[in-house]
2 protein chains.
Amino acid sequence: MATIDDVAKVAGVSKGTVSSVFSKKRPISKQVTERVLEVAKDMGYFPNHVARSLAIKKTMIVGLKMPISKESTMSGFEIQMINGVIRECSKQGYRVLLDSLPEHDDPTQFSIDPIDGVIMLNPRKHDPRIDRYNQMNIPLVLIGRPDPEDASVCYVDNDNTNVSFQVGEYLLQNGHSSILFLNAADDMTVSTDRQNGLYEAITRHGKPLSSVHVVNYSRKHHSHATDYGYSALKAIYGKHEFTAVITDTDRVALGVLRAARELGIDIPGDLSVIALSNDATLAQEITPKLTSVELSAERLGAEAAQILIQKMNDLSVVQQRIIEARLVIRESCRKLI
Amino acid sequence: MATIDDVAKVAGVSKGTVSSVFSKKRPISKQVTERVLEVAKDMGYFPNHVARSLAIKKTMIVGLKMPISKESTMSGFEIQMINGVIRECSKQGYRVLLDSLPEHDDPTQFSIDPIDGVIMLNPRKHDPRIDRYNQMNIPLVLIGRPDPEDASVCYVDNDNTNVSFQVGEYLLQNGHSSILFLNAADDMTVSTDRQNGLYEAITRHGKPLSSVHVVNYSRKHHSHATDYGYSALKAIYGKHEFTAVITDTDRVALGVLRAARELGIDIPGDLSVIALSNDATLAQEITPKLTSVELSAERLGAEAAQILIQKMNDLSVVQQRIIEARLVIRESCRKLI
DNA sequence: CTGAAAGCGCTTACAG
DNA sequence: CTGAAAGCGCTTACAG
């Protein structure tokens, strides 16, 4: 590959001039510009991004720290979020680096990514990576709330407690007083939030907490989301009594529906289903159409990117945004009263 | 951020030594190693990836050139492919840079990405980017066949012609002799391949090409895949006669199913549906379960990454792999004879 | 086992 | 409007 030096030499100018032609950071006469551009084209010269990054100390790349999942593939929620991140970053001229490399303990192996900032999905409780990014002085925005709460870290999140509170309210008002909750994995802050929200709704209605039977997703026991819904319902139905099931995602609901079909359970006749989900398209295409919560995953991603880009330009920026989620009533839930 | 120089100074060694402690490329005595590591930790030093990349002329990053789609979000096929790419790259220590920046005409704006190689999804006909990467000396692997054929470019692909040939055969053997084909957009090589395959099956059975009515997806007319299936069936049903419909993807089939429900068409009683698809999970959860083609999108992605990594280590590598696809018979198709 | 120094390919004050 | 030179933070022969 031709370098800026080669071009400068052939065009008979200094490399500062070649640099300026490409960066347009200082004016270069029309003649020189044209000559340089022509030579560059002839030689197949393209500015080297890495060298440029080193010189200006910016890469124009945003890192996206994915949850560490070796086997499982991305969920619909994650995908939409990523779409949002990509869209916003592209719009502002940033590239996106997917960081899905496993965590290393060896400090020797821990090299800093070539990024100007990072968006981290689904932080865990007391996530050590938050401190590490701070220490490295890399602007960080979380998608999902930090736990414990920390007023200095940027994040966007749904109000998950409120989401499940609303769902609980809705079910209780419709006469469902025993509920199966197929929640997410228990090491995620979102799981706790949701469980609390649901409990709150139940308590308000003067029902015992035992009205809800909570199950958590486990990577060990379930190969994927749909399988989770399918095998959980099959395992539990008959053992516990419930008239409604709340699922982690629409995919889980899909599994529940299949198990119900096989068990001869009519939905929503015998059992109501609500998905804490996101994929509006899918929910609408399923029969019966799925009553579900619209989480606006794509907006979460886009707004996280927005905040991050702001913060990269002004380190003092701190923003914490709650994206509204809303319950969309469709056909998979019925009134008992 | 502390630099290698700072650490060297404080630890009282040369920066070459610090470098060696981290890269392990030459042996450093235990005492020195420990001292350097301790100082580094105290100072919060992490090797700068960009500077390192410039020095060794490698970034350990693989670029993933996405199709240029401003509005639409990634399809299930793309997502699985990306999953495959990420998985394989992670395994081999590579990061993945999503390149979804719009193409620029301005040569001045065209900077080379900080990548060691690139995987490009869905090349278009006579795709100019192929030459450009060659010119830049960046190893390239396509997912999808180059058109025109070029023995020097690496790619992985399904045998799309054969896939639709098989689907055509299957339908014809089951007595379907008029078919609606909701194909992909017409500027993609895959569309042409599929159409040819289907035509071949029809010709072999001595039927006229008019037995199949081909529609192409259009970004203008359809907001997304499901909508495409939905509105296409609604628009065409009754105007043309057909007993079976082949859809581009499972999402399109979902739209067809919804339209059918609204039109009072029983599937597969009145109309058979086959999806040229990928998402096995989804296909199995839909009622009726979808007869579909398993394209192994994830494998496509993983093998593309594998080939690319080989090629990055040995530029002379040229591989063209066809990933087998197979028709999975489920419930959405019936025999007419 | 360790150090001094050149080099990777850019950018950017500084000077004219 | 343009050039010369230092600097970005690493790696790597070369020498000892």
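Naming: A, B, ... by sequence-line order, numbering from 1 per chain.
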B:Ser23 and B:Arg52 have their tightest heavy-atom pair at CB-NH2, 4.4 Å
Name the nucleic acid region contacted by B:Val50, choosing base, sugar-phosphate or nothing; use a 4.0 angstrom heavy-atom cut-off, strictly under.
-> nothing
Quick tally for nucleotides 10-16 of chain D: nucleotides whose base has a protein heavy atom under 4.0 Å get B, sugar-phosphate-only ones S, the rest -, giving BBBBB--
What one should report as the nearest heavy-atom pair of A:Val318 and A:Ala151 is CG1-O, 3.5 Å
A:Leu54 CG to D:dA6 P, in whole Å, measures 17 Å
- [ ] Would you indicate whether A:Lys41, at its atom NZ, is surrounded by more than 12 heavy atoms from other residues, nucleotides or ligands within a distance under 6.0 Å?
- [x] no
- Rounded C1' spacing from D:dT12 to D:dG16 in Å: 16 Å
Could you go through the salt bridge (charged side-chain N to carboxylate O under 4.0 Å, His left out) check for A:Asp113 and B:Arg95 one step at a time? CA-CA 9 Å; A:Asp113 274 351; B:Arg95 291 168 170 78; 2.4 Å; yes
Sequence neighbours excluded, the answer for side-chain hydrogen bond (donor to acceptor under 3.5 Å, both in side chains) partners of B:Glu149 is B:Tyr155
Atom NZ of B:Lys9 and atom P of D:dG9 are separated, to the nearest Å, by 12 Å
Rounded to whole Å, NZ of A:Lys30 lies from P of D:dT2 at a distance of 14 Å
### Message
Within the 3.5 Å criterion, strictly below it, is a donor on A:Thr17 or A:Ser14 matched to an acceptor on the partner's side chain?
### Response
yes
Heavy-atom nearest pair, A:Asn122 first then A:Arg129, reads O-NH2, 4.4 Å
Rounded to whole Å, CD of B:Glu34 lies from C1' of C:dC1 at a distance of 15 Å
Open item on the list: If you apply the rule ring pair (Phe, Tyr, Trp, His ring centres under 6.0 Å), what do you find for A:Tyr45 with A:Phe22, and how did you get there?
Closed with: CA-CA 11 Å; A:Tyr45 167 75; A:Phe22 280 87; 5.3 Å; yes
Taking every heavy atom of A:Thr189 against every heavy atom of A:Asp147, the minimum-distance pair comes out as CG2-CB, 3.4 Å
Rounded to whole Å, NZ of A:Lys58 lies from P of D:dG9 at a distance of 16 Å
Taken to the nearest whole Å, NZ/B:Lys24 to C1'/C:dC1 is 17 Å
Any stem touching DNA chain C, meaning at least three consecutive Watson-Crick or G-U pairs under 3.5 Å, ordered by first number, would be C:1-3 with D:14-16, C:5-12 with D:5-12, C:14-16 with D:1-3
Side-chain N or O of A:Lys57 versus OP1/OP2 of D:dG7: is the shortest distance under 4.0 Å?
no
